Amino acid sequence: MRYDFAVIESKWQKYWDDHQTFRTDILSSKPKLYVLDMFPYPSGAGLHVGHPEGYTATDIFCRYKRMKGFEVLHPMGWDAFGLPAERYAMQTNIHPRITTEENINTFRRQIKMLGLSYDWSREVNTTDPKYYKWTQWIFLQLYNAWYDRRAKKARRIEELERELQQRGSADIAGAPFVSPNEWQAFTRKQKHDYLSQFRLAYVAEIPVNWCEQLGTVLANEEIDEWVEKGYKVERRPMRQWMMRITAYAERLLEDAAELDWPESTQEQQRNWIGRSEGAFIDFAVVERNERIRVYTTRPDTIFGATYIVLAPEHPLVETISHPEKASEIKRYKEIATRKSEVDRGTEKTKTGLFTGAHVINPATGKPIPIWIADYVLLGYGTGAIMAVPGQDERDWEFAESFNLPIVRTVQPPPDWTGKAYVDDGVAINSANPEISLDGLGVSEAKSKIINWLERKGIGKASTQFKLRDWLFSRQRYWGEPIPIIHLEDGTMATVPEADLPLLLPDLEKFQPSGTTESPLALASNWVAVVDKETGLTGRRETNTMPQWAGSCWYYLRYIDPYSTEVFCSKTLEQAWMPVQLYVGGSEHAVLHLMYARFWHKALYDLGYVTTKEPFLKLRHQGTILGEDSRKMSKSRGNVVNPDEVVKEYGADSVRLFEMFMGPLEEMKPWSTRGVEGVFRFLNRVWRLFVGSDGKVESSIKDCTATAEFERVYHQTVKKVGEDIESLRFNTAISQMMIFVNEATKLEVKPLRELKGFVLLLAPFAPHIAEEIWSILGSRSSLAYEPWPQFHESKVKESKVEVVLQVNGKLRSKVLVEIDTPEGELERLANEDEVIRRHCDGKKILKKIVVKNKLVNLVVGN
RNA sequence: GCCGAAGUGGCGGAAUUGGCAGACGCGCUGGACUCAAAAUCCAGUCUAGCUAACCCUAGGUGGGGGUUCGACUCCCCCCUUCGGCACCA
């Protein structure tokens, strides 16, 4: 007989809904815990079995913590803007709002079917105007903020204006010089343009990644995904919205160190930020006034710099090149510019061109040639390098192909057979009348040469980052409109806060506009506006925000989802942030997780949130493979549909199996047999408690447990609790299976321990646990029953098996009282017949006795 | 190429301040119940040798070496798989 999971599960899901069992008391005085799942993009395909894995893990954790007396915030919502809905709209002309709503309904139904304990009253939806009003509002906060490098934080743009008004730009590093008088004399437009180079959200004309098939630009972080799917991404200069994430590079790197995040994710973020320490060095061009500034991480190798290379797009290329080379250079440049960075990266053979000009190597005083080559990128460092083939593999390769001289300045080891030597070693060939590095190690040589360069005013220590600013606009319909108006005088105005949300206009057709503009450009009535403040006519910004915008702050909205006054109440934010546990896919390692940290830090600087970091502890659920151990995909026909599995075995079995498969973070294959296995286990649990009459099983008595069974019980309480705390759900389930095996063997089953077990099972398989709990006589849910306690004294075995070894080989075992003294153990070993046989006639050289563990006799002949 | 994680039965996986390898589950084998099946229950299940059987013996955690009374666990070298980065100067 199988337990009727279908009836039980819908009964309890209705009960939880009706009684609002999991509604968070946001003002509770209990200790607070915020546990977050990455909210899904509600695709048309519905939930796949990967979703319930992470969701079940956090659900178990939350249910456990509620029983431990915590007030738990555990919400769910929808990251619903995005390209798939829009592409579907292009094909069908069905408004993405409609498909999105349908998809959300499917997802909500499927998630509810799994009995996850979300507080559904806090559901958010990024496409809801009541939600994106605040996404737009945050955009305006970023637009109206600048990064003050002196204070190492973002500040309001008014503060910058005030400073320019009073003191000009003198104290602001890197700012074009403006005196207070000049600033005051600036026109509206001049002020606007000057400020725009500081804003955290700004417009720039730069080469971007344009995808013709998608009809939109993509962020650097997004390119790989689409290229993999077979789309072409090309570089094109376009005017685009950018987010100044680079201002936060150092802080994003530093603050991550304190987070409890998977090492691989930390590593990916570090890689993406790409911090490097080095120096700028100026090289004077022979017979000209220009100087070429290079960036290098190996200033110590400067004596080996035998040529320098500029990126083809470098602004000085035209100026310094020999006139005879002009047409050749032009051609090379054209080819290079059109190549995407991806292409540049995949081409292995190096190309380049001599410009005909030379610079002086300031260390050797000798002229060296200037080349251009597309292995040097304009966007990194200064777009120019000093090439040191002796210590750099790329430079070596280039030098070999073009027959350029190679000078070693670091002594390779004697057995060195390679070409460029990039590791640590002693400097050689590195001296001039003023300075000698010879004999120094790399790091000493670096500081010495930097010091020299700085003294001579031709170099400067500097830190560089690979991270680029975040390309924030998309030529799409289905996204948050950017609340900016382009006025006729060439300035920009923000949509007043009171007018937010700036609603998406309804469109008849969703096709790309045919130009590089968003389909919104076709909504002419929407686009044309008159600015209230200035009376100027203007055009609305027609680009929309990328999908990542909404997910950058959703975790804050859950805390205060209905507020019409603020995006999130500050007192509530203070009470609930940061997120203590965040679970989601590792594919967001550098996208969502970096963008969200960036916005959070900006909001922190501006005083809207009180924590530096949003997500304290992060875990990724591992991918679930198909039954054939290959990636699930429609074409392979190995996709498992959660609806069907729930229908066949029930939600509790799905939850239990997904947790029992293996460690949360590991990749692991689905197994229908495995689901059957946990389903059998739940049936055994059911039969343990419930007789065939549907009443409490008659062998359960209110009696005292045997010492042995009591021990198993306490061991189970201990292990299950500890395993949930450390998210090792698979071993917690094993222990529960052991308990059930033991309990089943008993003729008379003690009620107290069995009731305790139901509470242990509840976070994992809540429906069956609630049902058994009610059959055992309770009228209310067990969701807030106190978690069972264990006593360490009762966990310990009273007797232990001590291993007897001879020469480290297991020969015998003895069962002794726990903590039997070493002397006694030794005596037992000596008396043991098997041991005697193995020691017979041999000399005992050494005895190792470990209490409660083993006796090892080392014998010789 | 570099960085990170990991390699344990037929399968998913347990076991870490170094101390009984293979918990728990799946599968498989045999048995009980049944007219029969399903379901359920019981027993067995790392490999090889020896055995009628139990015992016993030897080997065994990707491969090789080392440290140690004792190594899945620590150290060195190598191999494989997965993930990431990859002209970032």
Side-chain angles (χ1 to χ4, degrees), chain A residues 1-2 224 262-272 274-276 278 294-299 301 305 308-309 311 341 344-348 350 373-377 379-388 391-395 397-398 422 464-468 586-587 589-590 620 622-623 629 656-657 660-663 665-678 680-681 683-684 687 728 730-741 744 801-813 834 837 845-850 852-859:
Chain A
M1 237 242 312
R2 296 166 162 214
D224 289 352
E263 181 49 39
S264 60
T265 304
Q266 298 256 33
E267 166 89 10
Q268 279 181 63
Q269 294 217 344
R270 279 196 298 270
N271 275 341
W272 194 260
R275 184 180 194 276
S276 78
V294 305
Y295 175 72
T296 178
T297 55
R298 292 295 301 275
T301 61
I308 72 171
V309 187
E341 282 194 28
R344 279 202 190 182
T346 48
E347 277 168 21
K348 285 292 160 229
K350 293 201 173 12
D374 67 3
Y375 82 90
V376 174
L377 308 170
Y380 187 76
T382 59
I385 61 156
M386 64 177 205
V388 188
Q391 275 78 231
D392 185 290
E393 282 162 9
R394 296 155 301 181
D395 297 342
E397 198 191 318
F398 193 82
V422 300
Q464 294 289 308
F465 295 92
K466 261 162 67 179
L467 185 69
R468 312 286 171 82
S586 57
E587 66 275 19
V590 285
H620 302 302
T623 315
S629 290
L656 209 56
F657 174 66
F660 187 59
M661 290 165 85
E665 311 206 27
E666 229 95 296
M667 187 185 282
K668 43 209 177 272
W670 184 264
S671 158
T672 303
R673 300 275 199 194
V675 186
E676 282 168 6
V678 293
R680 271 203 285 271
F681 166 68
N683 276 292
R684 298 226 320 267
R687 285 195 307 272
R728 293 191 311 241
N730 53 334
T731 49
I733 294 167
S734 293
Q735 184 61 38
M736 290 194 282
M737 287 172 167
I738 291 170
F739 178 87
V740 169
N741 289 347
T744 306
E801 220 173 13
V802 168
V803 173
L804 305 180
Q805 299 178 328
V806 176
N807 286 345
K809 288 204 168 93
L810 174 72
R811 294 303 176 185
S812 184
K813 296 171 186 176
V834 183
R837 203 172 72 226
L845 303 174
K846 197 169 177 183
K847 294 170 191 170
I848 292 110
V849 185
V850 183
N852 297 331
K853 294 272 190 200
L854 82 153
V855 177
N856 184 14
L857 303 178
V858 185
V859 299

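Only a predicted model underlies this, so the values are computations on that prediction, with no experimental measurement involved. Letters A, B, ... mirror the listed sequences (proteins, then strands); counts begin at 1.
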With sequence neighbours excluded, residues passing salt bridge (charged side-chain N to carboxylate O under 4.0 Å, His left out) with [X]:
X: A:Arg811; answer: none
X: A:Arg728; answer: A:Asp723
X: A:Lys847; answer: A:Glu826
X: A:Asp392; answer: A:Arg394

Using only modelled atom types and a 3.5 angstrom limit, is any donor from either the side chain of A:Lys813 or the base of B:C20 paired with an acceptor on the other?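 Pair found.
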Pull out every protein N or O sitting under 3.5 Å from an N or O of nucleotides 58-61 of chain B, one pair per line with the distance.
from: B:A58; atom 1: OP2; to: A:Arg811; atom 2: NH1; distance (Å): 3.4

Detail all sub-3.5 Å separations between protein N/O atoms and N/O atoms belonging to nucleotides 42-47 of chain B.
none

Taking side-chain contact (heavy atoms from CB on, under 4.5 Å) as the definition, give me every residue that meets it alongside [X], ordered by chain and number, with sequence neighbours left out.
X: A:Arg673; answer: A:Ser671, A:Glu676
X: A:Pro663; answer: A:Glu666, A:Asn730
X: A:Lys668; answer: A:Glu53, A:Met661
X: A:Asn852; answer: A:Val800, A:Ile818, A:Asp819

Counting a pair only when it is Watson-Crick or G-U and both distances are under 3.5 Å, which runs of at least 3 such pairs involve RNA chain B? B:1-7 with B:79-85, B:10-12 with B:24-26, B:27-32 with B:40-45, B:46-49 with B:56-59, B:62-66 with B:74-78
Rounded to the nearest 0.5 Å, what's the gap from NZ on A:Lys350 to CG on A:Asp374? Could you check?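 Here the rounded value is 9.0 Å.
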Base, sugar-phosphate alone, or nothing: which one does A:Asn856 contact when heavy atoms must sit under 4.0 Å apart?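 Since a base atom lies under 4.0 Å of A:Asn856, the category is base.
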Heavy-atom contacts, protein to nucleotides 21-30 of chain B, under 4.0 Å, summarised as B (base), S (sugar-phosphate only) or - (none) per nt, yield --BBSSS---
Compare the minimum distances between each of B:C41, B:C20, B:G19 and the side chain of A:Arg687, then state the nucleotide with the smallest one.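 The closest nucleotide is B:C41.
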